[in-house]
Amino acid sequence: MPRLQFVDLESTSSRGWVTAFEEPNLYEDITNRANFALSSVAHCGGVDQLLHDSSELAWRTNMSPPHQALLTFQGKTDVSYIMLYLDYVKDESYCPQEVRIDLGWGTNDWWHQTNRRVNQPQGWVKIRLLDKRDLPRRVMALRMTVVKNHEKGRDCVIRHFRVIGPKFHHHDAMNRLMLGNTTMLGAVPAEEKDRSRVLNNHLTIR
């Protein structure tokens, strides 16, 4: 059996998502900012395995579909893509074919949905979450649902799951543009009220 080259090893690791981007320096892996909850787990196939660096480990479910992974963030978080590492050659009927991503503020407040169908994938699958202006969406909760497996399989296997966000946030620049030097506003109560109003309105932007 031929020995894998370093590049091949990197592409199958949890850091291999960068190979799917022409300009990966514009993005960063923000997976570790989320709390995970999985709908079911088979023996030795839970969150730790899903987030492990090696693609030889994986999330393995233990029930009939749909299978779900729920992610929650401590605060409003910009998300750009979901990256899944799937391998139909190894997993066959355990490999997801139809996936749905829901975005929202909480488990009872979902406001955006993205569906993706893949055919016999072997490697990284990129699921776009950007809006029509190519800007990230601000969320506090994200839910991935495996709707269907290849060959109508029951359980599923997902070898990597990564949440990708922008490295540079347009909200930061916009805050500086709208609010200017905030230390100068603190001395005047009326201006402080205006500053708070502008900031609160701005934070509703997604």
Side-chain angles (χ1 to χ4, degrees), residues 10-41 45-55 57-61 66-86 96 99-116 123-131 133-146 156-176 179 199-200 202-206:
E10 280 293 300
S11 67
T12 63
S13 76
S14 63
R15 301 178 301 278
W17 62 269
V18 299
T19 61
F21 291 83
E22 293 183 1
E23 297 181 286
N25 58 305
L26 297 179
Y27 301 97
E28 62 180 345
D29 185 345
I30 60 171
T31 312
N32 61 359
R33 301 182 193 175
N35 296 314
F36 277 74
L38 304 179
S39 56
S40 70
V41 171
V47 175
D48 289 342
Q49 288 72 32
L50 176 62
L51 302 182
H52 196 275
D53 189 57
S54 173
S55 62
L57 302 179
W59 172 31
R60 302 176 186 275
T61 66
H67 309 291
Q68 292 187 338
L70 175 65
L71 285 69
T72 53
F73 298 91
Q74 293 297 315
K76 294 180 179 180
T77 303
D78 288 347
V79 296
S80 302
Y81 296 91
I82 292 296
M83 302 296 298
L84 303 178
Y85 192 92
L86 306 176
V99 175
R100 184 179 74 240
I101 304 293
D102 295 296
L103 304 177
W105 299 126
T107 55
N108 294 316
D109 188 9
W110 304 106
W111 46 261
H112 180 76
Q113 185 178 105
T114 296
N115 294 278
R116 180 69 186 275
W124 288 98
V125 174
K126 180 196 293 187
I127 303 177
R128 174 188 165 96
L129 302 178
L130 301 173
D131 65 18
R133 298 174 296 166
D134 290 331
L135 295 175
R137 298 182 188 273
R138 305 206 86 188
V139 305
M140 291 185 68
L142 184 155
R143 180 175 63 196
M144 182 197 69
T145 303
V146 178
C156 79
V157 173
I158 297 178
R159 297 183 175 273
H160 287 310
F161 184 110
R162 312 309 295 181
V163 184
I164 307 303
K167 186 171 290 186
F168 307 101
H169 299 265
H170 75 285
H171 294 279
D172 297 336
M174 190 178 298
N175 268 328
R176 291 194 296 271
L179 303 179
L199 180 58
N200 288 333
H202 170 59
L203 289 177
T204 65
I205 299 174
R206 302 199 284 269

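Because the structure is predicted, anything quoted here is derived from the model rather than measured.
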Inset, instruction - Verify whether the ring centers belonging to Y81 and F21 lie closer than 6.0 Å. - result: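 They qualify: ring centres under 6.0 Å apart.
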
Do the side chain of [X] and the main chain of [Y] share a donor and acceptor less than 3.5 angstrom apart?
X	Y	answer
T61	C156	yes
T31	V163	yes
W17	K126	no
R133	P136	no
W59	S40	yes
H160	G123	no

Legend entry - Enclosure of N25 CG (heavy-atom neighbours >12, cutoff 6.0 Å): yes

Legend entry - Charged N-O contact under 4.0 Å between R137 and D78: no

Inset, instruction - May I ask you to say whether R138 pairs ionically with D131, meaning some side-chain N is under 4.0 Å from a carboxylate O? - result: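 Between D131 and R138 there is no salt bridge, as every charged N stays at least 4.0 Å from the carboxylate O atoms.
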
Legend entry - Qualifying residues under side chain to side chain donor-acceptor pair (under 3.5 Å), relative to R159, sequence neighbours excluded: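 Side chain to side chain donor-acceptor pair (under 3.5 Å) check on R159 returns D91.
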
Legend entry - Residues which pass side chain to side chain donor-acceptor pair (under 3.5 Å) with T114, listed by chain and number, not counting sequence neighbours: H112

Inset, instruction - Scan L84, V146, V157, V125 and name whichever one has a side chain to side chain contact (heavy atoms under 4.5 Å, CB included) with P96. - result: V146

Inset, instruction - Kindly indicate whether the side chain of L71, heavy atoms from C-beta on, has any atom under 4.5 Å from the side chain of F161. - result: yes

